[in-house]
Amino acid sequence: MEWPGTPSASLAVTLDLHDGVAWGRMSTGDDDAATDRLVLWDLQAIGTAPSADEAPAPAEWSTRGLSTDVPQDIFLTLALTLGSDRPENPVLLQQSTAQFLRRDAVGGVETSVFQGPRPAEETEQRQARSRYWVDDEGALLRFEAYLGDRSGQLARITVTDPHDEVEGLREAAEGVLVAGRR
């Protein structure tokens with residue numbers, strides 16, 4: 001996952017879309033002054049801790065509730081809701097501004113790129129706020145969303161091969177995130 005704002009952020013995480021929880025590593029800032037941390041979140045809270053090879057003790061985590069006022073939090077929530085199993089209404093989708101954009105490749109895999117519908121209140125013909133790269137089997141390989149970055153850059157999620165797991169991080173998620181929900 002990549003967040004383009006200030007500071008920029010890059011995340012190598014596992015998204016468990018079934019249980020609605022994510023965990024992994026996060027790097028913020030530019031290459032000269034990057035800060036690496038562990039991160040985990042669910043649909044209600046986020047926790048971060050100093051980078052380590054195994055999950056830190058619960059007292060070492062900073063937690064807080066997610067907020068719809070924070071664009072990065074909206075992006076984290078979007079990441080976990082991409083696996084929603086609620087089917088789209090095809091009639092409404094055809095009547096919306098969603099459309100096929102082009103063919104492209106992600107990691108050497110051919111995809112179809114679609115833009116999501118623009119909000120109904122937007123009357124200007126502007127670029128949609130979301131784009132989806134879907135392979136020929138129907139798997140989502142990339143997702144981009146505009147969340148208000150002044151430069152117009154999009155936050156991005158790209159599905160990749162598994163990354164190095166931090167030992168015990170998934171198991172620590174539940175206990176750590178409970179503190180952020182309070």
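Just so you know, these numbers come straight off a predicted model, no measurement behind them. Values below: every heavy atom of this structure, side chains too, minus hydrogens, waters and symmetry copies.
Connection of Val134 to Phe143 is established within a shared hydrophobic cluster, with ILVMFWY side chains joined at heavy-atom distances below 4.5 Å, either directly or through further cluster members. Residue Leu140 is grouped with residue Ile157 when hydrophobic side chains (ILVMFWY) are merged at heavy-atom distances under 4.5 angstrom, including chains of intermediate members. Under the 4.5 Å side-chain heavy-atom criterion for ILVMFWY residues, a single connected hydrophobic cluster contains both Leu80 and Ile74. Residues Val13 and Val159 do not share a hydrophobic cluster, clusters being chains of Ile/Leu/Val/Met/Phe/Trp/Tyr side chains in contact below 4.5 Å.
With sequence neighbours excluded, the residues satisfying salt bridge (charged side-chain N to carboxylate O under 4.0 Å, His left out) with Glu174 are Arg181. Applying the side chain to side chain donor-acceptor pair (under 3.5 Å) test to Ser8 and every residue at least two apart in sequence or in another chain returns nothing. Legend: residues meeting side-chain contact (heavy atoms from CB on, under 4.5 Å) with Asp36, ordered by chain and number and at least two apart, are Ser27, Ser51. With sequence neighbours excluded, the residues satisfying side-chain contact (heavy atoms from CB on, under 4.5 Å) with Ser62 are Arg37, Thr48. For Thr77, the side chain to side chain donor-acceptor pair (under 3.5 Å) test picks out no residue, with sequence neighbours left out. Taking the side-chain contact (heavy atoms from CB on, under 4.5 Å) definition, one finds that Val70 meets it with Ser67, Gln72, Asp73, sequence neighbours left out. In this view, Arg102 satisfies the side chain to side chain donor-acceptor pair (under 3.5 Å) rule with no residue, not counting sequence neighbours. Ala9 meets the side-chain contact (heavy atoms from CB on, under 4.5 Å) test with Trp3, Leu11, Thr28; sequence neighbours excluded. Considering only residues two or more places apart in sequence or on other chains, Asp69 meets the side chain to side chain donor-acceptor pair (under 3.5 Å) condition with none of them.
Asp19 contributes no side-chain N or O that, together with a main-chain N or O of Val21, makes up a donor-acceptor pair within less than 3.5 Å. Checked by atom type and distance alone, the side chain of Thr111 pairs as donor or acceptor with a backbone atom of Asp104 at under 3.5 Å.
Closest non-hydrogen pair, Gly47 versus Thr63, comes out as CA-CG2, 3.9 Å. Heavy-atom minimum distance, Leu169 versus Gly24: CD2-N, 3.5 Å. Across all their heavy atoms, Ala172 and Ala55 have their closest contact at CB-CB, 4.0 Å.
Residues Leu101, Val106, Val113, Trp133, Leu141 make up the rest of the hydrophobic cluster containing Val109, defined by ILVMFWY side-chain heavy atoms closer than 4.5 Å, directly or through other members.
Atom-to-atom distance recorded for Met1:CE and Phe75:CZ is 4.0 Å, nearest 0.5 angstrom. The distance from atom CG of Leu43 to atom CD1 of Ile46, rounded to the nearest 0.5 Å, is 12.0 Å. We find the CG-CG distance between Leu15 and Leu82 to be 8.0 Å, quoted to the nearest 0.5 Å. Here the OG1 atom belonging to Thr14 is positioned 11.5 Å from the CG atom belonging to Leu40, to the nearest 0.5 angstrom. Rounded to the nearest 0.5 Å, atoms CE (Met26) and CH2 (Trp41) are 9.0 Å apart.
Annotation: side chain of Pro56 is in contact with side chain of Leu38 (closest heavy-atom distance under 4.5 Å). Using a 4.5 Å heavy-atom cutoff, the side chains of Arg142 and Tyr132 are not in contact.
Residue pairs meeting the salt bridge (charged side-chain N to carboxylate O under 4.0 Å, His left out) criterion with at least one member in residues 53-62, sequence neighbours excluded, are Arg25-Asp53. For residues 7-17, the pairs satisfying salt bridge (charged side-chain N to carboxylate O under 4.0 Å, His left out) are Asp16-Arg170, with sequence neighbours left out.
Between Phe100 and Phe114, the ring center distance clears the sub-6.0 Å criterion.
Within 6.0 Å of CD on Glu167 lie no more than 12 heavy atoms contributed by other residues, nucleotides or ligands.
Of the charged side-chain nitrogens involved, at least one lies within less than 4.0 Å of a carboxylate oxygen, so that Arg103 and Asp136 count as a salt-bridged pair.
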| query | Under the side chain to side chain donor-acceptor pair (under 3.5 Å) criterion, do Glu144 and Ser130 qualify, and how do the steps go? | reply | CA-CA 5 Å; Glu144 291 183 341; Ser130 60; over 6 Å; no
